[in-house]
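Working notes, beginning with the structure itself.
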Amino acid sequence: MMEQKPPFPKGAIQNLIGRAIVLEGDDIDTDRIIPARFLKCVSFENLGSQLFEDDRNELEGRHPFDLKIFQGASILIVNCNFGCGSSREHAPQALMRWGIRGIIGESFAEIFYGNCLALGIPCATAQSNEIKALQNTVKKNASSEWKMDIVNNKFWGDKYELELNIENGPKEMLLTGDWDITTQLVGNEKATTEILNRLPYLNSFD
């Protein structure tokens, strides 16, 4: 399986443009996304190459993340209750490091959804029949480029358009860049330093 290395998300996210990859099946849990034996890693850097490793080994090259037609895709189309199971942040980290920048599905496990948002990975939903129709369309047009439009809650391309549901709170965080805590800290270095200098327990040994 080829690991993708596009730039990681940063700042405000208004839309995503790229090819899509289809992963069918309900209740795909975090242990399938990244098996537990990889949680001992010191950093997340190499998790992309270990994504869905057990499933991929079982399917012997027929797993979607191994198929040549989906290499380089950045928008993942899934079904119901994706990311359920244990609340490991390694799962969205592995997806991001493979190259996934946005996910569309019927529903997501709550903690997985939050972990994705913290990485700047938008998770949008649509009705079951709409998702299945989209998956079929993407499989027939694997080389097509799609746009996940956060501003207008739409997914479209190749004469196909789908209304998306993105919760108002997460949507606002994506559009303003408030999801990106690290960038906020760097951008407010002066104010942060002033606060640190006023904290008595950090300055009691002067």
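Computation of the quantities below employed the complete heavy-atom set of this structure, encompassing side-chain atoms and omitting hydrogens, waters and symmetry-equivalent molecules. Positions are given from 1 along the sequence.
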Supply the atom-to-atom distance [X] [atom1] to [Y] [atom2], rounded to the nearest 0.5 angstrom.
{"X": "N136", "Y": "I77", "atom1": "CG", "atom2": "CD1", "value": "12.0 Å"}
{"X": "C116", "Y": "R101", "atom1": "SG", "atom2": "CZ", "value": "11.5 Å"}
{"X": "D149", "Y": "E163", "atom1": "CG", "atom2": "CD", "value": "10.0 Å"}
{"X": "L59", "Y": "F65", "atom1": "CG", "atom2": "CZ", "value": "12.5 Å"}
{"X": "L76", "Y": "M148", "atom1": "CG", "atom2": "CE", "value": "10.0 Å"}
{"X": "R19", "Y": "S143", "atom1": "CZ", "atom2": "OG", "value": "7.5 Å"}

Could you state whether L134 and L67 fall into the same hydrophobic cluster, counting links through intermediate Ile, Leu, Val, Met, Phe, Trp or Tyr residues with side-chain heavy atoms under 4.5 angstrom apart? yes
Is L162 reachable from I17 through a run of hydrophobic residues whose side-chain heavy atoms are each under 4.5 Å from the next? no
Are P122 and L16 side-chain neighbours, meaning at least one heavy-atom pair lies under 4.5 Å? yes
What residue among T176, N165, N153 forms side-chain hydrogen bond (donor to acceptor under 3.5 Å, both in side chains) with K171? N153
Crowding at CG, N168 (>12 non-hydrogen neighbours, <6.0 Å): no
Answer yes or no: does atom CD of E145 have more than 12 heavy-atom neighbours from other residues, nucleotides or ligands under 6.0 Å? yes
For a quick test of your reading: what N or O donor-acceptor pairs under 3.5 Å do the side chains of residues 102-112 make, sequence neighbours left out?
unit_1 : atom_1 : unit_2 : atom_2 : d
E106   : OE1    : S128   : OG     : 3.3
E106   : OE2    : N79    : ND2    : 3.1
S107   : OG     : N81    : N      : 2.8

Could you list the residues that satisfy side chain to side chain contact (heavy atoms under 4.5 Å, CB included) with Q14, not counting sequence neighbours? V151, L175
Check the pair I13, W179 against side-chain contact (heavy atoms from CB on, under 4.5 Å), reporting the backbone distance first and the verdict last. CA-CA 9 Å; I13 300 172; W179 67 270; 3.8 Å; yes
Decide side-chain hydrogen bond (donor to acceptor under 3.5 Å, both in side chains) for D54 and N57; before the verdict, give the C-alpha distance in whole Å, the side-chain angles of both, and the deciding distance to 0.1 Å. CA-CA 5 Å; D54 291 343; N57 288 339; 4.7 Å; no
Heavy atoms only: give me the nearest D66-G61 pair and the separation to one decimal. CB-O, 3.7 Å
